[in-house]
Student: 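First, the structure itself, so that you have it in front of you.
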2 protein chains.
Amino acid sequence: MTTLDTDQLTELGEMFRMLGDPTRLGILLSCMEQPLSVGAIATKLDASASLISHHLRLLRATRLVRGTRDGRSVQYVVSDDHVRDMLRNMVEHIHEETGDLP
Amino acid sequence: MTTLDTDQLTELGEMFRMLGDPTRLGILLSCMEQPLSVGAIATKLDASASLISHHLRLLRATRLVRGTRDGRSVQYVVSDDHVRDMLRNMVEHIHEETGDLP
DNA sequence: AACATGTATGAACACCTTTTCAATTATCCG
DNA sequence: CGGATAATTGAAAAGGTGTTCATACATGTT
C-alpha cells in the first residue's frame with residue numbers, strides 16, 4: 001500500500017536525482033508553465049547554451065521534458081504531469097511557509 | 001508568484017538531492033509513517049549499519065529526519081512534513097498510474 | 001567493572017557528475 | 001550557395017559522492 005517495488009523505487013529515485021541539480025531544477029521551473037527555447041533558458045539562468053543543452057538531454061532521457069523544434073530554436077516544456085504538479089505544490093508550500101511577497 | 005528566490009531554490013535543490021540517492025530514498029520511505037532504528041532500517045534495506053548511519057547524518061543535517069535515542073538504539077523518523085506529504089503523493093500517483101495490487 | 005549490542009565516525013578508494021571549450025549539425029534568410 | 005543564428009555533441013578537467021573497513025563511542029546487562 002505505501003510501498004513501491006524495486007523498479008518503481010528506482011524510477012522515483014531517478015526523478016529526484018534529476019531535480020537535485022540546481023541547474024536542472026532551474027530549467028524545470030523555467031519551462032513549467034510555458035515552453036522556452038534553449039537560449040531563453042540559458043539567458044534566464046545566466047548559463048551557457050551548451051550547459052543547458054547537456055542538462056536538457058538528461059531531462060529528455062528521463063522524460064521530464066519534451067522539446068519541439070520551432071524554426072531554428074527548440075522549445076522545451078516540462079512534460080511530466082506528476083513533476084509539474086509536485087513542483088507547483090512545493091513552490092506553494094515554500095511560499096506559504098515563508099509568507100513572502102511577490 | 002511561481003518563482004523562488006535564490007535561497008529557496010537552493011534549499012529545494014538540496015532537498016531533492018537528498019531524495020535522489022536510492023539508499024536515502026529507501027531510508028525516508030522506511031521511516032515515513034513510524035520511527036525505525038538504524039539497525040532495523042539497515043536490515044530492511046539489506047545494507048550495513050555504517051552506511052545507513054552515514055546517510056542518516058546527511059538527512060539529519062538537512063532536517064529531513066530526526067532521531068531520538070531509545071535505550072541503545074536510536075529511532076529515526078521523517079521530520080519534514082512537506083517531504084512526507086510529497087512522498088505520500090508520489091507513491092499514490094505511481095500506484096494509480098501503474099494500477100497495481102497491494 | 002567487564003562485556004555485548006547498537007550507533008557513529010574517519011580515512012581511503014573507486015566512481016560518477018558537472019562544467020567548459022571547441023567543433024559540428026540544423027535551420028533560416030539574403 | 002554562403003552567412004548567420006540556434007542547438008547539439010564529444011572530450012577533458014575538476015571536483016564531488018557513495019561505499020567499505022576499521023575503530024571509537026554510548027548504553028544496557030551481568
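So that the names make sense, note that chain A is the first sequence line, chain B the second, and so on, each numbered from 1.
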Student: Base, sugar-phosphate alone, or nothing: which one does A:His55 contact when heavy atoms must sit under 4.0 Å apart?
Tutor: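 It contacts sugar-phosphate atoms only.
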Student: Please determine whether the number of non-hydrogen atoms from other residues, nucleotides or ligands lying under 6.0 Å from atom CD of A:Glu14 exceeds 12.
Tutor: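 Result for CD/A:Glu14: enclosed.
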Student: Take B:Met86 and A:Asn89, measure what side chain to side chain contact (heavy atoms under 4.5 Å, CB included) needs, and give me the verdict at the end.
Tutor: CA-CA 8 Å; B:Met86 191 261 278; A:Asn89 276 330; over 6 Å; no
Student: Name the first nucleotide and the last nucleotide along DNA chain C (5' to 3') that come under 4.0 Å of a heavy atom in chain A.
Tutor: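 Range of nucleotides touched by chain A: C:dT17 to C:dC29.
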Student: At a heavy-atom distance below 4.0 Å, what parts of residues 64-71 of chain B sit against DNA chain C?
Tutor: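 Within this stretch, nothing sits under 4.0 Å of the strand.
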Student: Reading DNA chain D from 5' onward, which residue's closest nucleotide shows up sooner: A:Leu51 or A:Arg72?
Tutor: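 Nearer the 5' end of the strand: A:Arg72.
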Student: It should be established whether B:Thr23 places a side-chain nitrogen or oxygen under 4.0 Å from OP1 or OP2 of nucleotide D:dT19.
Tutor: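 So the side chain of B:Thr23 is within the cut-off, an N or O lying under 4.0 Å from OP1 or OP2 of D:dT19.
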Student: If you look at every strand shown and take non-hydrogen atoms under 4.0 Å, does A:Ser73 touch a base, only sugar-phosphate, or nothing?
Tutor: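 Touches sugar-phosphate only.
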Student: Find out whether B:Leu58 and B:Asp21 are in side-chain contact, i.e. whether some heavy atom of one side chain is under 4.5 Å from a heavy atom of the other.
Tutor: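 Sidechains of B:Asp21 and B:Leu58: no contact.
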Student: Are there more than 12 heavy atoms of other residues, nucleotides or ligands under 6.0 Å from atom CZ of B:Arg63?
Tutor: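 For B:Arg63, atom CZ is not crowded (no more than 12 foreign heavy atoms under 6.0 Å).
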Student: Stacking here means centres under 5.5 Å and planes under 30°; does A:His54 stack on D:dT8?
Tutor: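 Given the distance and angle limits, no, they do not stack.
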Student: Let me know, please, whether A:Arg17 or A:Ser50 comes out on the 5' side of the other along DNA chain C by nearest nucleotide.
Tutor: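 Going by which nucleotide is closer to the 5' end, it is A:Arg17.
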Student: Can you confirm whether B:Gln75 is buried at CD, in the sense that more than 12 heavy atoms of other residues, nucleotides or ligands lie under 6.0 Å from that atom?
Tutor: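 Check passes, neighbour count above 12.
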